[in-house]
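All remarks here apply to the structure that follows.
Note on naming: letters A, B, ... go to the chains in the order of the sequence lines (proteins, then strands), and numbering restarts at 1 for each one.
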Protein chains: 2
Amino acid sequence: MFNILNIMTKKSAVLLPKTTHILETVGDQIKLARLRRKLSGEMVAERAGIGRNTLISIEQGKPTVSIGHYLNVLKVLGLEKDLLALAKDDDLGRKLQDAGLSTKERAPKKN
Amino acid sequence: MFNILNIMTKKSAVLLPKTTHILETVGDQIKLARLRRKLSGEMVAERAGIGRNTLISIEQGKPTVSIGHYLNVLKVLGLEKDLLALAKDDDLGRKLQDAGLSTKERAPKKN
DNA sequence: TTATAATGTTTAATATGATAAACAATAATG
DNA sequence: CATTATTGTTTATCATATTAAACATTATAA
């Protein structure tokens with residue numbers, strides 16, 4: 001509590017309220033998908049190769065869990081392809097690209 | 001190499017080939033979204049509050065990066081709502097639910 | 001063609017993610 | 001109602017995720 005050193009050396013992700021809400025919503029959706037399949041947390045955790053506590057962290061929307069564990073849980077539920085939606089339909093990006101044209105392998109140099 | 005103890009005590013996610021490919025594809029999509037915005041890796045990493053190496057891990061599809069860091073990178077690109085797609089359209093789940101009916105707060109007891 | 005910024009790799013240090021275990025609370029059954 | 005499996009919390013331990021720094025490569029733009 002009030003540990004300035006902890007704040008300055010923090011390595012875990014700091015989320016804004018809106019971002020936190022997104023993660024919690026995803027956690028709820030994953031839990032609902034599990035319950036629809038009538039699977040206990042212990043069963044899903046075991047099949048995903050993770051501990052029970054880590055699955056609970058996912059379902060509660062904790063930002064610390066690795067994307068690999070996330071993905072393996074989605075796979076147990078048959079939902080792993082949902083991840084492909086990330087940065088897939090990049091409308092803004094394509095408009096920016098149309099404006100600037102071309103797509104390079106690297107970002108432009110700042111001169 | 002050939003460290004049986006490392007295998008038995010592994011905590012990082014073990015992915016199957018198909019799952020690995022999904023993560024790598026997402027990494028490519030994130031990198032493409034960054035380049036369309038003409039942002040350097042250093043700039044995105046700084047805005048997302050992570051190190052440059054961690055962003056590289058994300059763009060290369062490494063399974064170790066936390067969902068929180070992932071989410072903050074997506075936010076820098078204006079794509080954070082994409083995460084809401086995870087376990088959202090659970091077609092199979094809804095069919096299973098229709099078959100079994102009801103939705104409980106917990107998985108059924110196994111007796 | 002040349003200069004250089006962007007990207008990628010490796011290494012070492014350390015904060016932390018993931019875990020099991022023990023426990024408490026409670027929803028789901030009979 | 002009574003029983004109990006599921007869910008959730010806390011704690012301690014340890015493997016590892018994250019980082020900065022130094023360096024190498026190469027695409028970019030003049």
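Taking the nucleotide of DNA chain C with the nearest heavy atom to each of B/P108 and A/A13, the more 5' of the two is matched to A/A13. The residue among A/A107 and B/A107 whose nearest nucleotide of DNA chain D lies closer to the 5′ end is B/A107. Remark on DNA chain D: of its neighbouring residues B/H69 and A/S40, the 5'-side contact belongs to A/S40, judged by nearest-heavy-atom nucleotide. Of the two residues contacting DNA chain C, namely B/K62 and A/S66, the nearest-nucleotide position lying further toward the 5' end is that of B/K62.
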- request: Using the salt bridge (charged side-chain N to carboxylate O under 4.0 Å, His left out) rule, take B/E59 and B/R34 through it: C-alpha gap first, then chi angles, then the decisive distance, then the call.
  value: CA-CA 10 Å; B/E59 292 187 348; B/R34 172 175 68 78; 2.7 Å; yes

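Two residues are said to be in side-chain contact when any heavy atoms from C-beta on lie closer than 4.5 Å; A/L79 and B/L86 fail this criterion.
Ranking C/dT7, C/dT11, C/dT26 by closeness to the B/R52 side chain, first place goes to C/dT7.
Contact between the side-chain N/O atoms of B/K104 and the OP1/OP2 oxygens of C/dT29 is found at a separation under 4.0 Å.
Side-chain atoms of B/N53 come within donor-acceptor range of the base of C/dT10, with a qualifying N/O pair under 3.5 Å. Interface remark: the B/K109 side chain does form a donor-acceptor pair with the C/dA28 base, using a distance-only criterion of under 3.5 Å.
The line from CG of A/N72 to NE2 of A/H69 is 8.0 Å long, rounded to the nearest 0.5 Å.
Within 6.0 Å of CD in A/E46 there are 12 or fewer heavy atoms belonging to other residues, nucleotides or ligands.
Rounded to a whole Å, the NZ atom of B/K10 is 12 Å from the P atom of D/dA15.
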